[in-house]
Amino acid sequence: MWFSSSCCASTGLLLYTRGRQQSVSSIIPGRGSVLRREGTRGHPQAHAMNDHKQHLPARGCRRLIFSLTILAALAPRSLPADKQARPNVLFIAIDDLNDYALGLNAEFRAATPHMERLARRGTLFTNAHCAAPACNPSRVSVITGVSPSTSGVYINRDDWRENARLKSVTTLPQHMRNHGYRVIGGGKLYHAANLSQQGLEGYLDPRPWHEYFPSTTRQLPDAFIPSGHSRNGSNRFYGGRFDWDALDISDAEMGDGQVVAWAERQLSKAHDARLFLSVGIYRPHIPWYTPARWFDKTPRDQIKLPEDPRRDVQDVPETAVDSTKQQWHQWLADNGKWKDATHAYLASVRFADAMVGRLIAALDASPLADNTIIVLWSDHGYHLGHKQHWEKRVLWEQATHVPLIVVDSRIPASANQRCNTPVSLLDLYPTLCDLCSLDRPAHLEGESLKPWLQSADRASRRAVVTTYQFNNHSIRSRHWRYIRYADGSEELYDHRIDPGERRNVAARSASADVIRRLAAFLPEYNAPQKNVRRLNAGGTKK
């Protein structure tokens, strides 16, 4: 055995043993799965070693001891066992999926059998909330680990790539790549939309990705869009893209079908490094053009609509009423299409659930099956007439509450448990750092969820913040939601007796102590807003 001392100062240090050359990096714990062995063909020193026939003179022994000392100095002092076999990560982002999924809403339930099976394999966080109730600011907070009030990314028009506060921030996919992961993705991870050709690219950052589908300059593939929108919706909203229809097409013709097919191929391969695979499922984002069979699987006559949403806004501040899309709701109600639109949304949810099922089946059949963390999350919730509102961009439960599942088979206690502690999507970045044995960047504002994977009943007095536009915040604790707007107006809901948030009790004298306690969680700093405007102005703006 002999060491090439000329290589000792780098990770390319070479170890020769019995005529065979091997990279020292490949025998250092934690690196063997990333770097390949080097061959000996054509290496004169390797051939010379065969002539020694394993005989080491005293001088060779001294050189061996010296080289081993250098190797020991270069090697990490203490590598935990989990670092020797870091897990792969399947990171599934679903767009606009509200808490009808997984039975999270006490009053309404969508059929999501594949997600429910996945939840039984891990921990379902039943009180998870987005950092912002809009696509772009929510996704930016997940990818960067920075809250909207810190970054100033408040709305969809804010291009986070040009944000001065985020220029030096290492994003989650970049952090994974920096630690030796093969980082690949497809579909909507950053903000994007198929409402325009430019929207297909969105705010994609190509730098961290070894590969992205359909390309590193575009997040969404071409998908079937029927001619003549609006087919059921109104041309007054989103240029006619607030629309839906049951189409005679296959799942494969859907953009999500293409993304999932690509991901299935990636999962079937053997990779030469740990894999971070991000898959963005676009449905149930509008327009709800969905294969007809998913409409058929969603019986329209079983759909239950919210009771008298007009009553729900009688005790809320004017600022909150101004943020609702009342024009949308009034049009749907006047034209008898409220239940039809809800039916279309639920059909898209069934389709998205089927896409999740395909991903999990592909993973289970893949070489990665035994060592992959699964994270499933939605960027925000979605109103379907609650408080006379549609979509998101408000601070009520239906817009902030999101499905969140974390599966890590290395933590047996995490299987088939429900955690009711309030958590935030800001927690995903630090959680993956913890579970993958990565150093945690100092800028992260969330908390690792690993302690709750180990024990869902772990005591906590935590509350989480959701922000929409400048200095408008919602605080969600285990039992309460407190909202304070920039003009000082307030809302307070007691979820123990009012899960639908129909009675604002902020003005009651008995609420003062609760408000004082929850107000302590409000951000101390609010970054200036670049694109200043009123909250949605009665549904006339995006």
K.L.:
Does the His191 side chain pair with the main chain of Gly202, one donor and one acceptor, at a distance under 3.5 Å?
P.N.:
no
K.L.:
Got Ile286 and Tyr382 here, is their nearest side-chain heavy-atom distance under 4.5 Å?
P.N.:
yes
K.L.:
So, Lys450 side chain and Leu432 main chain: donor-acceptor pair closer than 3.5 Å or not?
P.N.:
no
K.L.:
How long is the straight-line distance from CG of Leu363 back to CG of Asn88, given to the nearest 0.5 Å?
P.N.:
8.5 Å
K.L.:
Say you draw a straight line from CD1 of Ile360 to CG of Leu376; how long is it, rounded to the nearest 0.5 Å?
P.N.:
7.5 Å
K.L.:
To the nearest 0.5 Å, what is the distance between CG (Asp222) and CG (Leu200)?
P.N.:
7.0 Å
K.L.:
Measure the acute angle between the ring planes of His179 and His175, then classify it against the limits of 30° and 60° as parallel, tilted or perpendicular.
P.N.:
perpendicular
K.L.:
With a cut-off of 6.0 Å (strictly less than), are more than 12 heavy atoms of other residues, nucleotides or ligands near CG of Asp159?
P.N.:
yes
K.L.:
Side chains of Val146 and His443, heavy atoms from C-beta outward: is any pair under 4.5 Å?
P.N.:
yes
K.L.:
When rounded to the nearest 0.5 angstrom, what distance separates CG in Asp99 from CG in Asn105?
P.N.:
4.5 Å
K.L.:
Start with the C-alpha distance between Phe91 and Trp377, add both sets of side-chain angles, then the distance that settles ring pair (Phe, Tyr, Trp, His ring centres under 6.0 Å), and finish with yes or no.
P.N.:
CA-CA 8 Å; Phe91 198 62; Trp377 56 283; 5.6 Å; yes
K.L.:
Is there side-chain contact between Tyr154 and Pro137, with heavy atoms separated by less than 4.5 Å?
P.N.:
no
K.L.:
Looking only at atom types and distance, does a side-chain atom of His401 sit under 3.5 Å from a main-chain N or O of Thr126, one as donor and one as acceptor?
P.N.:
yes
K.L.:
Using the benzene-type ring in the case of Trp, are the ring centres of Trp328 and Tyr238 under 6.0 Å apart?
P.N.:
yes
K.L.:
Do Tyr212 and Gln219 have side chains that get closer than 4.5 Å, going by heavy atoms?
P.N.:
yes
K.L.:
What is the ring orientation for His389 with His383, classed by angle as parallel under 30°, tilted 30 to 60°, or perpendicular over 60°?
P.N.:
perpendicular
K.L.:
Can you tell me how the ring of Trp209 sits relative to the ring of Tyr190, calling it parallel under 30°, perpendicular over 60° and tilted otherwise?
P.N.:
perpendicular
K.L.:
Give a yes or no on whether a salt bridge exists between Asp256 and Arg283, defined as a side-chain N under 4.0 angstrom from a carboxylate O.
P.N.:
no
K.L.:
Taking side chain to side chain contact (heavy atoms under 4.5 Å, CB included) as the criterion, tell me which of Leu277, Ile281, Leu118 meets it with Leu359.
P.N.:
Ile281
K.L.:
Take atom CG of Asp248 as the centre, draw a 6.0 Å sphere, and report whether it contains more than 12 heavy atoms from other residues, nucleotides or ligands.
P.N.:
no
K.L.:
For residues Tyr203 and Asn136, is any side-chain donor paired with an opposing acceptor at under 3.5 Å?
P.N.:
no
K.L.:
Quick check against the 3.5 Å criterion: does Ser141 have a side-chain atom that pairs as donor or acceptor with the backbone of Pro148?
P.N.:
no
K.L.:
Can you name the side chain to side chain contact (heavy atoms under 4.5 Å, CB included) partners of Pro430, sequence neighbours left out?
P.N.:
Arg440, Leu444
K.L.:
OG1/Thr290 to CD1/Ile249 distance, rounded to the nearest 0.5 angstrom?
P.N.:
8.0 Å
K.L.:
Any carboxylate oxygen within less than 4.0 angstrom of a Lys/Arg side-chain nitrogen, looking at Arg462 and Asp427?
P.N.:
yes
K.L.:
When you check the gap from the basic side-chain N to the acidic O, do Asp251 and Arg293 get nearer than 4.0 Å?
P.N.:
yes
K.L.:
How would you list, by chain and number, every residue that makes a side chain to side chain donor-acceptor pair (under 3.5 Å) with Asp379, sequence neighbours excluded?
P.N.:
Arg139
